[in-house]
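Quick notes on the structure that follows.
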Amino acid sequence: MQSKVNGLVVGVVCALVSSGVVFGQDEARGSSAGPGVGKPSIVLVDVDRRQTTSLNGDWHIIADPYVAGLYDFHNHVIANGYFNDQVAEPGKNTLVEYNFAKSPTIKVPGDWNMQKEWLRLYEGPLWYEREFDYKPEAGHRAWLHIGAANYRSRMYVNGKEACEHEGGFTSFDCEVTDFVKPGENDAVIYVDDTRMADGIPTLKTDWYNYGGLTRDVSIITTPANFIDDFDLHLDRATRSVIEGYVHVEGASAGTKVSVTIPEAKLAFSGVTDADGKAAVSMPAKGLSLWAPGNPKLYKVTLKAGADSLEDDMGFRTIETQGTHILLNGKPIVLHGICIHAEAPYRGGRVNTDQDVATLFGWVQDLGANFVRLAHYPHDMRMERAADKLGILVWSEVPVYWALHFEDEAVFKKSQGQLSEEIRRDRDKASVILWSIANETPSTEARTTFLTRSANYVHGLDPTRLVTAALLVRGEGNTKIIDDPLGKALDVIGFNEYIGWYEKTPEAMDQTDWKIAYDKPLIVSEFGGDAKAGLHGGEHERWTEEYQANIFRHQIAMLNRIPSLRGTTPWILMDFRSPVRQLPGIQDGFNRKGLISDQGEKKEAFGILQKAYKSDGLGKAE
Ligand code: GCB
């Protein structure tokens, strides 16, 4: 059984194209991530619906800039690495140069920067350790679930390496069935947030590099054979059939699978093929279709052998027709706003129900029906909330600015992040757009890389639309959208900052637009900084009046673009960024929020709100 299980786990990992970092003695900036045995992780679906033992709470930490926990003075791997969590036995003269139990603690989930002043600007390796009680169940498997570990991480349970991972914003799981024992167990996690030239993102971003275990950590228990992936969606052609698949990890051919939606009196049963996959197709006439204004979620029960999962799912279709976006066959206009995963009031990353409620409260107050979750996958609570509230979602990977597009290894990493993101969220009706990049340079290598990404995403999820936030060119008073990447996209996103990084707000009155694509457009960013409470004339930079003036002119200008189907101005709330240093104004924050990080609404909020509530920005047809 055991070898069979191991074999199957490896099989799943290959199918997933896990980012499965195998990082060894490296690499950028002399940092070293360890010997790299390369045990990959997988992504379990619906982890919030599984039996879990939370590992949130206090963890001991050791900051380890010289990676003493892995290597000796000649850079050889040491046996007594910190992952052993060794303590010198009383009475014996053993040399142990660390002690987790006597080291300080921080909370998980949470980055280290905001919890300890001495770690505020720390970027590098740091070890986490905690003990936990567990009761292994016969015939079951145990998984260490990590909501997010920024950026590279290695997971150990009771001194054994469970897996390693690269990518700071996607969730992942490592199997620890063979490592856990009844009673007290010890988890050690190594997280290194050193920025890397060949990372995703790369060295430079306009957001804070919050390091550590920034989202929930838990142990998940599953049956030996279990539903590890599924896709259930309404067919685009008739909107009267639910189709897709259920994959059962470890199942042999002929394993029975069922899907039921009791409220709609729908039931499907089938069997798995030799790969553990059962194709699903069930007539589903008369469903109440999910949409903003009707966020209808059905209880869906999936069963396979001893495993059973209950999800809450909406059913809808999304497609394009010429320059239109059709939701459930009808043209829609997306009144949106960009959001970073910056926690309101307290800073750090969004990772609680309260954070999510605050952000979506503001989104609803704005009159928006759409959010762009920039610039990386957010905590899954965001998509769950969007599903419940009827808010459409643009989801993105941190393929941001000048990545190493010519490097095949970087492409593989991007595939890993895309597949992890899609696998986690393909059950959410709110997610309609997968964004593959933001503001990338228009080079041949970039276009090849991202065209491959678009094809890859279409292959993984043909039911949704692919987009990217493109840069715009200018010639005199004309703005031109003709980035060659547009050919590979379903919906063209574009960012422009007229009135802030170029020209004046009034220049927009003279700006015309030339668009090379007969596709729907979303202006994925525009805006300008304002310090909440700073008032002055509408031509005084940094004042609320200046920002409001930009919004007024943007709204008028954008309404002259006939194919504009959506808007996500930059940004809902101010967010921490090390490239924003102006004392007294920015103080380490990008101030383009419509709301400050302390919840103060700026004048521009009201202007956008008025446009959205009166249906005065963009047109559905
Ligand atoms: C952009 C980026 C975004 C920045 C923003 C700004 O174009 O996509 O990440 O934060 O501009 O404020 O400059």
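Whatever order the structure lists them in is the order used to number ligands and atoms, beginning at 1. This structure is a prediction, so every number in the text was calculated from the model and none was measured. For the numbers below, each heavy atom of this structure counts, side chains included, while hydrogens, waters and symmetry mates do not.
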Who's the nearest protein heavy-atom neighbour of [atom], and how far?
atom	result
atom 2 (C) of ligand 1	Glu525 OE1, 3.2 Å
atom 7 (O) of ligand 1	Glu439 OE2, 2.2 Å
atom 4 (C) of ligand 1	Asp206 OD2, 3.2 Å

- Could you check which of Arg591, His340, His375 puts a non-hydrogen atom nearest to atom 3 (C) of ligand 1?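 Looking at heavy atoms only, the winner is His375.
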- Task: Classify the contact between Ile571 and ligand 1 as side chain, backbone, both or neither, using a heavy-atom distance cut-off of under 4.0 Å.
- Result: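 Neither part.
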- Region of Asp529 that comes within reach of ligand 1 [heavy atoms, distance under 4.0 Å]: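 Under 4.0 Å from ligand 1, Asp529 contributes no heavy atoms.
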- Among Lys592, Lys602, Lys531, the one residue meeting side chain to side chain donor-acceptor pair (under 3.5 Å) with Asp574: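 That would be Lys602.
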- Task: May I ask you to decide if the ring planes of Tyr128 and Trp112 are parallel, tilted or perpendicular, using 30° and 60° as cut-offs?
- Result: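 Plane angle between 30° and 60°, so tilted.
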- Give the ring-plane orientation class for Phe449 versus Phe405, where under 30° counts as parallel, over 60° as perpendicular and anything between as tilted.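 Phe449 and Phe405: perpendicular rings.
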With atoms numbered from 1 as shown, which atoms in ligand 1 lie under 4.0 angstrom from a non-hydrogen atom of [X]?
X	value
Lys592	6 (C), 12 (O), 13 (O)
Phe575	10 (O)
Tyr501	6 (C), 12 (O), 13 (O)

Rounded to the nearest 0.5 Å, how far apart are [atom1] of [X] and [atom2] of [Y]?
X	Y	atom1	atom2	answer
Leu460	Arg423	CG	CZ	10.5 Å
Tyr497	Gln554	OH	CD	9.5 Å
Asp490	Glu319	CG	CD	11.0 Å

- Is there a nitrogen or oxygen of Trp570 sitting under 3.5 Å from a nitrogen or oxygen of ligand 1?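 So ligand 1 has an N or O lying under 3.5 Å from an N or O of Trp570.
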Of all the heavy atoms in [X], does at least one lie under 4.0 Å from an atom in ligand 1?
X	answer
Trp207	no
Trp500	no
Arg580	yes

- Would a line drawn from the ring center of His378 to the ring center of His340 be shorter than 6.0 Å?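 Not under 6.0 Å, so no.
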- Message: Run the salt bridge (Lys or Arg N to Asp or Glu O under 4.0 Å) test on Glu408 and Lys412 for me, step by step, so that the C-alpha distance in whole Å, both residues' side-chain angles and the decisive distance to 0.1 Å come before the verdict.
- Response: CA-CA 6 Å; Glu408 186 61 19; Lys412 286 276 179 300; 3.2 Å; yes
- Message: Taking Asp482 first and then Lys514, would you say they form a salt bridge - that is, a charged N and a carboxylate O separated by under 4.0 Å?
- Response: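 Salt bridge absent between Asp482 and Lys514.
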